[in-house]
Amino acid sequence: EAGVVQSPRYKIIEKKQPVAFWCNPISGHNTLYWYRQNLGQGPELLIRYENEEAVDDSQLPKDRFSAERLKGVDSTLKIQPAELGDSAVYLCASSQLGAGGYNEQFFGPGTRLTVL
Amino acid sequence: LAKTTQPISMDSYEGQEVNITCSHNNIATNDYITWYQQFPSQGPRFIIQGYKTKVTNEVASLFIPADRKSSTLSLPRVSLSDTAVYYCLVAIYNQGGKLIFGQGTELSVKP
């Protein structure tokens with residue numbers, strides 16, 4: 001069974017440029033999560049989807065971050081414009097339908113973003 | 001602001017039992033406590049999940065006291081390949097059930 005797929009794996013951009021990350025969850029998983037992980041810290045939830053609906057986006061910096069999950073499968077996370085402090089690993093995870101507190105999350109390898 | 005707290009690092013030797021504790025207050029009453037393992041350049045990987053008392057699987061045990069203000073991950077007879085960062089994940093009740101990872105415990109297993 002294929003795991004969570006993320007692309008690109010690495011991205012280097014200059015500040016003020018836009019960037020987008022793509023995630024394909026495990027087939028049949030209705031819940032999709034985007035996390036940001038800074039060096040030496042635990043993952044921080046940015047947004048959680050149940051199918052197409054964003055059910056928790058309270059930690060998403062909406063002035064520059066946006067996300068979408070059209071058709072309830074793939075998802076894209078965008079940053080525009082990027083700032084130096086956005087340098088981090090962006091992780092995507094998926095699980096069976098339901099709150100993450102109940103279900104095992106399966107994580108992708110992440111996208112390492114460097115903003116210069 | 002409610003959060004989880006873990007030791008930053010731990011050292012152990014091969015064959016020993018390792019216990020890592022996560023402190024958490026005001027967790028959601030009906031939510032599980034989950035532990036993940038992360039190796040460098042990889043996403044976290046599920047280890048074990050529990051709601052109360054004790055849960056055991058083929059790789060670890062999870063102990064949750066009655067007050068649910070902490071949980072302990074127990075790794076029996078660790079090996080060098082268990083060197084990794086371990087995170088607890090809880091849903092914090094007074095933050096609307098928000099999912100919060102601990103800051104992680106870096107476990108180093110020595111020969």
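So that the names make sense, note that chain A is the first sequence line, chain B the second, and so on, each numbered from 1. A quick note: this is a predicted structure, and the numbers were derived from the prediction, not measured. Computation of the quantities below employed the complete heavy-atom set of this structure, encompassing side-chain atoms and omitting hydrogens, waters and symmetry-equivalent molecules.
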Could you state whether [X] and [Y] fall into the same hydrophobic cluster, counting links through intermediate Ile, Leu, Val, Met, Phe, Trp or Tyr residues with side-chain heavy atoms under 4.5 angstrom apart?
X        : Y       : value
A:Phe106 : A:Trp34 : no
A:Val73  : A:Leu32 : no
A:Val89  : A:Ile13 : no
B:Leu73  : B:Val18 : yes
B:Val85  : B:Phe39 : no

Do B:Tyr87 and A:Gln37 have side-chain atoms, one donor and one acceptor, less than 3.5 Å apart?
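Judged by distance alone, the side chains do pair up.
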Is [X] atom [atom1] crowded by more than 12 heavy atoms from other residues, nucleotides or ligands, each under 6.0 Å away?
X        : atom1 : result
A:Arg112 : CZ    : no
A:Leu39  : CG    : no
B:Gln103 : CD    : yes

Taking all non-hydrogen atoms of both residues, which atom of A:Gln105 and which atom of B:Tyr36 are closest, and how far apart?
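Heavy atoms only, the tightest pair is N-OH, 3.0 Å.
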Enumerate by number any residue of residues 55-68 of chain A whose heavy atoms lie under 4.5 Å from heavy atoms of chain B; in the absence of such residues, state 'none'.
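Checking residues 55-68 of chain A against chain B gives A:Asp56, A:Ser58, A:Gln59.
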Highest number of heavy-atom pairs under 4.5 Å with chain B among A:Gly110, A:Pro109, A:Pro43, A:Gly40 belongs to A:Pro43
Sort by residue number and list every residue of residues 7-15 of chain B having at least one heavy atom under 4.5 Å from chain A.
none
Enter the distance from A:Arg48:CZ to B:Leu99:CG here, rounded to the nearest 0.5 Å.
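The distance works out to 6.0 Å.
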Option that, when pairs with chain A are counted at under 4.5 Å, heavy atom only, ranks first among B:Gly43, B:Gly102, B:Pro44, B:Gly104
B:Pro44
For chain A, which candidate among B:Arg45, B:Gln38, B:Gln42 shows the most heavy-atom pairs at distances under 4.5 Å?
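The residue among B:Arg45, B:Gln38, B:Gln42 with the greatest pair count is B:Gln38.
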Side-chain contact, heavy-atom cut-off 4.5 Å: A:Asn103 with B:Phe46?
no
Do B:Phe101 and A:Leu45 come close enough that some side-chain heavy atom pair is under 4.5 Å?
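No, their side chains stay 4.5 Å or more apart.
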